[in-house]
Structure formats: structure tokens, C-alpha cells
Q: 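The structure follows.
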Amino acid sequence: IHDVMEHGYNDDDDDEEDGPVIVPYDEFESSLSRSAALLNTTTPKEVGDIEEAKYRIDYPLLFAAMSPQEDVVMCAARVLDEQRDVSLVREAAAYLEEVEAHR
């Protein structure tokens, strides 16, 4: 009651926002088609994606160690700099020697 008097808050006036919202089917369809178009433009199926999938299988520790803001080369450099895990260091070095050296 104190909030209603001082700030003018009244939860009973928000009845229209509490229930489900009915969206016309044509709006739903257009939203769905926009979402599908966005997915098709942001996830291209290119040769690079296939190669990356292969490298993820060949170097699982390295790809698991990647942070969201890193690419695989940055991750390998960090791993080699920190040298905390012997298996991870070996995998990072192998990736750089076998993959990046031949690009």
C-alpha cells in the first residue's frame, strides 16, 4: 500500500500484460521466414567449415581450450605461452606445425 500511495504503483492495472498474446498467423509466418533467412546468411556451409570440423576431431584438447573470444591460432599461442598441460601443449604445437604452417 505504501508503494501505491508514494509511487503510484498498482499491479492491478497490468491485467492486459499478464495473459497470452494472440499473434496473427501472417505475422508469425513472416517472422519465421526472416529467422530462416538470417540463419542461412550467418551459417554458410563452406569448405572452411568442413576443415574446421575435421580439425576439431584431430585436435580436441586444443578446441576445448578455446575461449569464446579466441580463434584456434590465438588459443594455440596462449597454450604454448602458459605451458600448463603437457598434452595440450603437444596438441597445440602439432596443430601449428601440421595445419597453420601449410596454409
Side-chain angles (χ1 to χ4, degrees):
I1 295 177
H2 180 267
D3 286 342
V4 172
M5 296 298 235
E6 185 176 325
H7 300 289
Y9 295 139
N10 189 354
D11 290 334
D12 294 336
D13 291 341
D14 297 338
D15 290 338
E16 63 204 37
E17 295 178 17
D18 293 339
V21 176
I22 298 173
V23 178
Y25 188 73
D26 60 331
E27 287 183 28
F28 171 76
E29 272 188 327
S30 66
S31 174
L32 191 60
S33 66
R34 285 192 307 270
S35 297
L38 181 62
L39 286 174
N40 288 336
T41 60
T42 56
T43 57
K45 301 297 179 207
E46 298 176 358
V47 174
D49 292 341
I50 296 168
E51 286 180 358
E52 183 176 319
K54 178 191 176 299
Y55 297 144
R56 284 183 180 276
I57 294 168
D58 294 343
Y59 305 98
L61 297 176
L62 182 60
F63 279 84
M66 286 175 56
S67 64
Q69 66 271 13
E70 287 180 324
D71 66 4
V72 67
V73 176
M74 291 171 58
C75 179
R78 177 180 53 80
V79 166
L80 292 173
D81 186 49
E82 293 174 352
Q83 296 185 359
R84 292 186 185 173
D85 183 326
V86 173
S87 298
L88 185 56
V89 169
R90 287 182 184 152
E91 199 168 282
Y95 174 84
L96 291 175
E97 288 176 11
E98 294 172 18
V99 178
E100 293 298 324
H102 295 76
R103 287 191 178 202

Q: Sequence neighbours left out, what pairs pass salt bridge (charged side-chain N to carboxylate O under 4.0 Å, His left out) with at least one residue falling in residues 56-72?
A: Glu52-Arg56, Lys54-Asp58, Glu70-Arg78

Q: Please examine the side chains of Tyr55 and Val72, heavy atoms only from C-beta on, and report whether any two atoms are closer than 4.5 Å.
A: no

Q: Can you give each donor-acceptor pair under 3.5 Å made by side-chain atoms of residues 89-97, sequence neighbours left out, with the distance rounded to 0.1 Å?
A:
| from | atom 1 | to | atom 2 | distance (Å) |
| --- | --- | --- | --- | --- |
| Glu91 | OE2 | Leu61 | N | 2.7 |
| Glu91 | OE2 | Leu62 | N | 2.7 |
| Tyr95 | OH | Glu100 | OE2 | 2.8 |

Q: Can you get from Leu80 to Val99 by hopping between Ile, Leu, Val, Met, Phe, Trp and Tyr side chains that sit under 4.5 Å apart?
A: yes

Q: Any chain of hydrophobic side-chain contacts (each under 4.5 Å) joining Leu88 to Met74?
A: no

